[in-house]
Amino acid sequence: MAKIAAVKGTRDFYPEIMAVRNWIIDGWKQTSIRNGFVEYDSPIFEYLELYTLKSGDEIVSQLFSMTDRGGRDLAIRPEITPSLARMVNQQINTLPRPVKWFSAPRLCRAERPQKGRLREFFQWNCDIVGSESVLADAESIYTAIDYLRSIGLKSTDIVARISSRSMLAEILLAMGFATEDHNKVYSLLDKMPKVSPQAFAEMAAEQITESHLREEFMKLPALKTLADVDAVATSEGAKTALAELRELFAILDSMGVGDYCKFDIQIVRGLAYYTGPVFEIFDRSESLRAICGGGRYDSLLTILGGPKVPATGFGMGDVVLEILLREKGLLPELSSTIDYFVIDAGAELFDRTLKLTCDIRQRGHSASFSYKRQNLGKNFKLADSQKARFAIIVGQETIDRNEITIKELASGEQRVMAIDEFLGSL
RNA sequence: GUGAUAGUAGCUCAGUUGGCUAGAGCACCAGAUUGUGGUUCUGGGGGUCGCGGGUUCGAGCCCCGUCUUUCACCCCA
């Protein structure tokens, strides 16, 4: 038999790692619920077309696709937003708005694995559909920060960099950039933090051939605050978008997470479908890729032939998050334990041991016992290795009086107790 | 898709210019121990040195290929 390893870019979740995964996902769920989101899920595979409609045919090389026996082209979901759009679209006229839905799906992408990026991972998604209010954007960003704050990340550890796709577009128009050239500018801005100033200038020179436009473009990185933006927001549209972004920051401030938020014109979120405020959350040391990203996407349903419905939301993957928490020492001790380990002092007492174990389990506490006949010392070792809180000894002298000995393993203290009294206390 | 990096026991790693039957610590199993655990002592199992080919009298070590890891680029929903 050949040894078969785990597939490239996947992880085996041994119990210790599984505990971490559950802890992360439980935190996501609790945060979602306390912020008013309800959970949904979708199939793990969809028609391939659901993804090509949104992202074009290039996406096919970046996802796992297959043809089923009926000749259907399918793909394992690389993201859940298209599924969300499909589900919302199907019930668009009956769902009370705003729809506030969350999910923590398992996703697969056929990319080269590297730090913070695997081929299979979990991603928390929160989306608010049916509201164009900036309050929805604020609540989306707040929810992401709420979770990160709740697990111990301070505003000195992480930062939400926020900008607005619509504001940037309006500014570019005011500067003289035609709409079809905007994507080029977005790409350049996105690259800027990764390259040297000289390399950046060269890239800009290559991409933007008209010198007056290039001159305008080079003003963008200097816009560090919204006050700076004021000077270039000359058009009516730009002023409106700027006012919206100001409002967003004011709301986040009122919600108590202003320290975590910073305007950053470089945040453009790739070339995706974003139409309004956009944000990404990074660790302050900037040694990792983004922990979280999201924004407003008001046109997604139209891709599926649905009506134009406003929407905003974010996604947060488990991979980068776990790396950061490990670096910061914020992962809790999550050793699995059992409540009681029941030990008998002889084979003739085993029936009572078995019954007692099951009585404890019936009352909702975890209990275990040894499969092997062995002396007390071995049994205690076993209890210890299973991280039992208490050992219970079923001994001949005590059992005759319907009593058992209960020992707390951490302190070593033990006492004799009537079985009925013990079970009654559970 | 491009470029680098590494791969020896479950884990972390030694392994001499190529030379006896490939080692250590931890972990695991058992015994010391027939009414009390964590420490200790003794013993044991576990390896096609990632895989395939080549060079050589001889390869864990050198060469080629391949798979996987890690990192960066591309991309990033």
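Chain naming here is simple, since letters A, B, ... match the order of the sequence lines and numbering starts at 1 in each. Everything numeric in this text was worked out from a predicted model, so none of it was measured.
Nucleotides U70(B) and G23(B), compared at atom P, are 31 Å apart to the nearest Å. Taking atom C1' on both C13(B) and G7(B), the two are 13 Å apart, rounded to the nearest angstrom. Taking atom P on both nucleotides, C71(B) is separated from C26(B) by 30 Å, rounded to a whole Å. On the C1' atoms, G15(B) is 42 Å away from C75(B), given to the nearest whole Å. A gap of 39 Å separates the P atoms of G18(B) and C28(B), to the nearest Å. The gap from the P atom of C62(B) to that of G3(B) amounts to 23 Å, rounded to the nearest Å. Nucleotides U56(B) and G46(B) have their C1' atoms positioned 32 Å apart, rounded to a whole Å. Separation of the P atoms belonging to G65(B) and A4(B) is 12 Å when rounded to the nearest angstrom.
Note: Tyr340(A) and Phe390(A) have parallel aromatic rings, judged against thresholds of 30 and 60 degrees for the angle between ring planes.
Looking at the side chain of Lys378(A), the nearest of the listed nucleotides A77(B), G31(B), G37(B) is G31(B). Distances from the side chain of Arg269(A) to the nucleotides A77(B), G37(B), G35(B) place A77(B) closest. Checking G37(B), U68(B), G35(B) against every side-chain atom of Lys8(A), the shortest atom distance belongs to U68(B). Closest to the side chain of Pro78(A), out of G35(B), A77(B), G37(B), is A77(B). Among the nucleotides C29(B), G38(B), G35(B), the one closest to the side chain of Lys372(A) is C29(B).
For the pair Arg119(A) and Glu111(A), the salt-bridge criterion is not met [side-chain N within less than 4.0 Å of a carboxylate O].
When rounded to the nearest whole Å, the span between CZ of Arg117(A) and P of A72(B) equals 10 Å. The OH-P distance, from Tyr273(A) to C76(B), rounds to 12 Å in whole Å. Between the OH atom of Tyr14(A) and the P atom of C11(B) there is a distance of 8 Å, rounded to whole Å. Rounded to an integer number of Å, the gap from CD of Glu286(A) to C1' of A72(B) is 18 Å. The distance between atom CZ of Arg289(A) and atom C1' of C75(B), rounded to the nearest whole Å, is 9 Å. Between the P atom of U36(B) and the CD atom of Glu397(A) lies a distance of 12 Å, rounded to the nearest Å.
Residue contacts shown for Glu280(A) are absent, as no nucleic acid heavy atom lies under 4.0 Å away. Within 4.0 Å (heavy atoms only), Leu382(A) reaches no atom of the nucleic acid at all. Among the atoms of the strands shown, only primed sugar atoms or phosphate atoms (P, OP1, OP2) are found under 4.0 Å from some heavy atom of Gly9(A). Base contact: Gly412(A) has a heavy atom under 4.0 Å from a base atom. Within 4.0 Å of Glu58(A), counting heavy atoms only, lies no atom of the nucleic acid at all. Within 4.0 Å of Leu107(A), counting heavy atoms only, lies no atom of the nucleic acid at all. Looking at heavy-atom distances under 4.0 Å, Lys381(A) makes contact with a base.
Between the Arg284(A) side chain and the Ser155(A) main chain, a donor and an acceptor come within less than 3.5 Å of each other. Remark: side-chain polar atoms of Thr357(A) are paired, donor with acceptor, to backbone N or O of Thr353(A) under 3.5 angstrom. Looking at Arg21(A), its side chain never comes within 3.5 Å of a backbone N or O of Ile17(A) through a donor-acceptor pair.
The phosphate of C75(B) (OP1 or OP2) has a side-chain N or O of Lys191(A) nearer than 4.0 angstrom. Under 4.0 angstrom from either OP1 or OP2 of C73(B) there lies no side-chain N or O belonging to Lys194(A). Within the 4.0 Å cut-off from OP1 or OP2 of A72(B), at least one side-chain nitrogen or oxygen of Gln114(A) is found. Residue Arg109(A) places no side-chain N or O under 4.0 Å from the OP1 or OP2 atom of C76(B).
Judged by distance alone with a 3.5 Å cut-off, no donor-acceptor contact links the side chain of Arg112(A) to the base of C74(B).
Figure legend: Arg161(A) and Phe282(A) shown as a cation-pi pair, the cationic atom lying under 6.0 angstrom from the six-membered ring centre and within 45 degrees of its axis.
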Subject >> Verdict with reasoning, Phe102(A) to Trp28(A), per ring-ring contact (aromatic ring centres under 6.0 Å, His included) >> reply: CA-CA 9 Å; Phe102(A) 83 94; Trp28(A) 287 347; 9.9 Å; no
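The partner of C29(B), taking Watson-Crick or G-U wobble pairs whose two distances both stay under 3.5 Å, is G43(B).
Between Asp190(A) and Phe380(A), the residue anchored nearer the 5' end of RNA chain B, judged by the nucleotide with its closest heavy atom, is Phe380(A).
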